[in-house]
Amino acid sequence: MKRAMFIGCILLIAAFLCASYLRAQKPETNADLRDFMRAKLSHSQKLLEGLTTENYDLIAKHAQDLALLSEDEQWQVFQTADYINRSKEFRRAANALAEAGRTKNLDAASLGYVEVTLKCIECHKYVRSIQK
Ligand code: HEC
């Protein structure tokens with residue numbers, strides 16, 4: 001009887017430790033992903049700053065950073081053909097914007113910025129549609 005209670009206690013403690021371990025782990029990984037995704041927003045703001053102040057280095061840098069993010073492992077939240085395609089299209093637009101920055105072409109960069117932004121919005125619309 002005593003022995004059974006002892007084993008029962010050990011199991012309870014183990015279950016409790018496991019549960020708190022899992023609770024501690026999960027929000028952390030979610031927060032990591034959120035930080036990773038939110039970085040896109042600060043790059044976009046920097047791009048707008050670069051366009052409005054005609055700072056081509058800023059444009060080229062942050063467009064390239066966006067293209068690189070899209071190749072990161074953390075970006076690959078979904079494995080659907082649609083998601084992969086949208087990621088590819090986004091990268092193409094970000095690379096074109098970076099190129100417009102490098103060649104100091106403000107008109108091309110302005111259009112490129114709009115195109116990149118449309119890709120943000122479209123992919124987010126798509127992601128919401130498959131999350132429901
Ligand atoms: C190919 C798809 C795709 C593109 C393109 C894309 N995103 Fe995202 N974005 C995601 C996914 C997936 C998430 C994570 C969604 C989730 O947590 O459910 C996300 C999350 C975010 C978040 C975090 C939202 C939160 O929960 O705080 C922000 C901000 C964001 N994206 C901004 C942008 C910006 C700005 C761009 C364009 C420069 C962009 N995204 C382009 C797929 C994309």
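Read the numbers this way: they start at 1 and go in the same order the structure lists the ligands and their atoms.
- Residue, atom and distance of the protein heavy atom nearest to atom 16 (C) of ligand 1 are Gln131 NE2, 3.7 Å.
- Legend: residues meeting side chain to side chain contact (heavy atoms under 4.5 Å, CB included) with Asp107, ordered by chain and number and at least two apart, are Asn105.
- Ion pair Asp57/Lys61 not flagged as a salt bridge, since none of the NZ, NE, NH1 or NH2 atoms sits closer than 4.0 Å to an Asp/Glu carboxylate oxygen.
- Sorted by first and then second residue, the ring-ring contact (aromatic ring centres under 6.0 Å, His included) pairs involving residues 45-68 (not counting sequence neighbours) are His43-His62.
- Atom 8 (Fe) of ligand 1 lies below 4.0 Å from at least one non-hydrogen atom of the protein.
- Atom 12 (C) of ligand 1 has as its closest protein heavy atom Tyr83 OH, 3.5 Å.
- Of all the atoms in ligand 1, the ones that sit under 4.0 Å from a non-hydrogen atom of Lys119 are 5 (C).
- Atom 8 (Fe) of ligand 1 has Lys40 NZ, His124 NE2 as its protein N, O or S neighbours under 2.8 Å.
- In Tyr126, neither the side chain nor the backbone holds a heavy atom less than 4.0 Å from any atom of ligand 1.
- Considering backbone and side-chain atoms alike, Arg38 places an N or O below 3.5 Å from some N or O of ligand 1.
- Taking only nitrogen or oxygen atoms, main chain and side chain alike, Ser44 does not reach within less than 3.5 Å of ligand 1.
- Remark: Arg102 engages Glu99 in a salt bridge (Lys or Arg N to Asp or Glu O under 4.0 Å) (not counting sequence neighbours).
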